[in-house]
There are 2 protein chains.
Amino acid sequence: MSLPHAILTALLEKPSSGLELTRRFDRSIGYFWSATHQQIYRELGKLEQAGLIRALPAPAVPVRGQRKEYEVLPAGRDELAEWTRRAEDPKPIRSALLLRLRAAAVVGTEGMADELNRHLRLHREQLDDYLGMERRQFPPERDSEADRLRHLVLRGGIELERFWVAWLTEALAGLDDRTGAG
Amino acid sequence: MSLPHAILTALLEKPSSGLELTRRFDRSIGYFWSATHQQIYRELGKLEQAGLIRALPAPAVPVRGQRKEYEVLPAGRDELAEWTRRAEDPKPIRSALLLRLRAAAVVGTEGMADELNRHLRLHREQLDDYLGMERRQFPPERDSEADRLRHLVLRGGIELERFWVAWLTEALAGLDDRTGAG
DNA sequence: GATATCATGTAAGGTGTTACATGATTAG
DNA sequence: CTAATCATGTAACACCTTACATGATATC
């Protein structure tokens, strides 16, 4: 049950329309919780019905295709605050790549080096992207409490990408030992 | 579409019943792909219907509650081998904890230190668990190709837990600076 | 024969993904 | 008035989670 809370957080940071939210999920929020516009519109409908958010200007007759901006109601803020205080265990990780390497231990590693190299490139790009965000969004002079927390979250994303780069590099070295490929 | 391939891999490593698979998913396979028994039974049914696996002794009339062991058919092995060669992009990570910290930047950090400490404890336990598995399953003398690949996968799990321990430690230090709690 | 455990399964609902549909607005 | 783009939405399906149901087997 995290998507509604991700949306509440985003709307508290700045009231937005569904499409704007989608774009923000593709950027800053997306580095720890991704969502498509279909999920977001569905969830906005639920949150509105539950009385946690409301559409802003509200034209008399709702028209499809017309921009609709949402803001969080007090009940929504309360729900979000309560959620941050609830105990919730970490979910076990799911990595298709680790799974595929384990499968390769049984059926052979043919083609794995190319795929590992491709993932290595993608993770390096993601890491560069995050480092750019860090430079732009968190210069040394910005150091409010909220900034420090958001920076901490971004550093989580950065360190996770560094983990993948390091692990993939090691994995490729291991494959090279056997196959000479790479 | 990874669960069926996780099951094929597990069954190739050792033919098993649904319950045995569930237990193996709770242990070794679970550290990168978790699944409940409901998912596993459903998927076993699909894989059998698709002709990728078969039930072993096959009593004339199938009886509910009676143990049923499965093995992988050649078509199943082919499908798994093909899957390891397919290109598949990494999925964006999803961390409810990072999300909650970002929410806390908006609605306040009350109660977060306790929760971060709890997660730190859980990740330390998981890390110890993996390190124990590493000692038992991968002593220096075992160094076949398959062993090296499985060891590499386990090191992925280990390094991920180390990442969380390090990040949570940093996060708690950051919270302490402000609140004096912890 | 009562209880616990092993083992397989069903049902319902929530969440995520993919493909498609529809209207509004802007630029040429 | 055509095309591109902005913006909101539906539908169908796959996948995951939780709760529950049922029979088989072992132990007392």
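Heavy-atom basis, side chains included; hydrogens, waters and symmetry copies ignored.
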Under-4.0 Å salt bridge between B:Glu82 and B:Arg77 | no
Between B:Glu20 and A:Gln38, whichever has its closest DNA chain C nucleotide further toward 5' is B:Glu20
Tell me whether the OP1 or OP2 atom of D:dC16 has a side-chain N or O from B:Gln39 closer than 4.0 Å.
-> yes
Find the distance B:Leu44:CG to D:dC15:P and express it as a whole number of Å.
-> 15 Å
For the pair made of CG in B:Leu21 and P in C:dG9, what is the distance, rounded to whole Å?
-> 12 Å
Could you please name the option among C:dA19, C:dC6, D:dC20 that lies closest to any side-chain atom of B:Arg23?
-> C:dC6
In whole angstrom, give the distance that lies between atom CD1 of B:Ile93 and atom C1' of C:dG16.
-> 17 Å
Report the residue (B:Arg42 or B:His37) whose heavy-atom-nearest nucleotide on DNA chain D is the more 5′ of the two.
-> B:Arg42
Between A:Lys14 and A:Glu69, does at least one N-O distance fall below 4.0 Å, as a salt bridge requires?
-> no
Does A:Gln66 put a side-chain nitrogen or oxygen below 4.0 Å from OP1 or OP2 of C:dT25?
-> yes
Rounded interatomic separation in angstrom, taking OH from A:Tyr41 and P from D:dT10 | 11 Å
Step by step, work out the side chain to side chain donor-acceptor pair (under 3.5 Å) result for A:Gln137 and A:His151.
-> CA-CA 8 Å; A:Gln137 294 176 27; A:His151 192 177; over 6 Å; no
Write down the distance between CD1 (B:Ile7) and C1' (D:dC16), rounded to a whole number of angstrom.
-> 13 Å
Given D:dT8, C:dG9, C:dG16, the nucleotide with the shortest approach to the side chain of A:Lys68 | D:dT8
In whole angstroms, how far is the C1' atom of D:dT18 from the NZ atom of A:Lys91?
-> 12 Å
Test item: A:Ser34 side-chain N/O and A:Gly30 main-chain N/O as donor-acceptor pair under 3.5 Å = no
Could you give the CD1-to-P distance, from B:Ile40 to D:dC16, as a whole number of Å?
-> 11 Å
Can you tell me how far C1' of C:dG9 sits from CD of B:Glu48, to the nearest Å?
-> 14 Å
Answer yes or no: is there an ion pair linking B:Asp89 with A:Arg118, defined by an N-O contact shorter than 4.0 Å?
-> yes
Closest to the A:Arg67 side chain, choosing from C:dG9, D:dG9, D:dA7 | D:dA7
What's the closest nucleotide to the B:Lys46 side chain, out of D:dA7, D:dC15, D:dG9?
-> D:dC15
Phosphate oxygens OP1/OP2 of D:dC16: is one of them under 4.0 Å from a side-chain N or O of B:Thr36?
-> no
